[in-house]
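The next block holds one structure in the form of structure tokens; read it before the comments.
Every value quoted in this text rests on a predicted model; they were computed, and no experiment measured them. So that the names make sense, note that chain A is the first sequence line, chain B the second, and so on, each numbered from 1.
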Amino acid sequence: MGSWSKRQQVRDGFHDCVVGLQTPGGGSSNMLKTYFSDVKFNRCITSQLIKWFSNFREFYYIQMEKYARQAINDGVTSTEELSITRDCELYRALNMHYNKANDFEVPERFLEVAQITLREFFNAIIAGKDVDPSWKKAIYKVICKLDSEVPEIFKSPNCLQELLHE
DNA sequence: ATAGTACCTG
DNA sequence: CAGGTACTAT
């Protein structure tokens, strides 16, 4: 399936910054490829790359919904009570998935966006919008606009090593 | 027709 | 994650 020499390196850090990445319209597919300068892309490899990000996004949103519902069951009534810190359960779940080895320092911006996402889910569920089969679409549309730029350092084939030496 | 995505499954 | 289906958009 091709040499994903950079796969492990890029995965984690990428998603600390690119959570809601939507490929259509944004031309993001080509943008992503520029971060894998050592990979020769064909149809198959490209779709696998796209699939990864699809899976990553999926995981992110599944956690958000789960945590939002859990908060509601726990009696939370206001979004003011929902904040995402580096020691909260949700953050740990995400970090465990995207940044298992803690190679990357998760940007503050990620916490902000995650919190916005969580509150978005919370409000939608409270409002009973989840009866609509496509209720998440509205949330996706909001969050994908909050994507951060992917740090340039991830373009380096040796980004992991370089980060570890900082 | 093809690429990209959501949703579900293993 | 990868596979598969169904659906949207180009």
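Listed by first and then second residue, the salt bridge (Lys or Arg N to Asp or Glu O under 4.0 Å) pairs involving residues 67-87 of chain A are A:Glu65-A:Arg69, A:Arg69-A:Asp130, A:Arg86-A:Glu108 (not counting sequence neighbours).
Listed by chain and number, the residues in a side chain to side chain contact (heavy atoms under 4.5 Å, CB included) with A:Lys33 are A:Ser29, A:Asn30, A:Phe41, A:Thr46, A:Leu49 (sequence neighbours excluded). Every side chain to side chain contact (heavy atoms under 4.5 Å, CB included) that A:Asn42 has, sequence neighbours left out, goes to A:Cys44, A:Ile45. For A:Phe121, the ring pair (Phe, Tyr, Trp, His ring centres under 6.0 Å) criterion is met by A:Trp135, not counting sequence neighbours. With sequence neighbours excluded, the residues satisfying ring pair (Phe, Tyr, Trp, His ring centres under 6.0 Å) with A:Phe59 are A:His97, A:Tyr98.
In this structure, A:Arg43 does not reach the B:dT2 phosphate: none of its side-chain N or O atoms is under 4.0 Å from OP1 or OP2. Side-chain N/O atoms of A:Ser29 include none lying less than 4.0 angstrom from OP1 or OP2 on B:dA3. Residue A:Tyr140 places at least one side-chain N or O closer than 4.0 Å to OP1 or OP2 of B:dC7.
At whole-Å resolution of the value, OH in A:Tyr60 and P in B:dT5 are 17 Å apart. A straight line from CG of A:Leu32 to P of B:dA3 spans 16 Å, rounded to a whole angstrom. Atom CZ in A:Phe53 sits about 12 Å away from atom P in C:dA2, given to the nearest Å.
Closest approach to the A:Ser54 side chain among B:dG4, B:dA6, C:dA2 is made by B:dA6 (side chain taken as heavy atoms from C-beta onward).
Classification of the A:Phe53-A:Phe56 ring pair by plane angle, with boundaries at 30° and 60°, yields perpendicular.
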Enumerate all atom pairs, one protein N or O and one N or O from nucleotides 5-10 of chain C, separated by less than 3.5 Å.
none

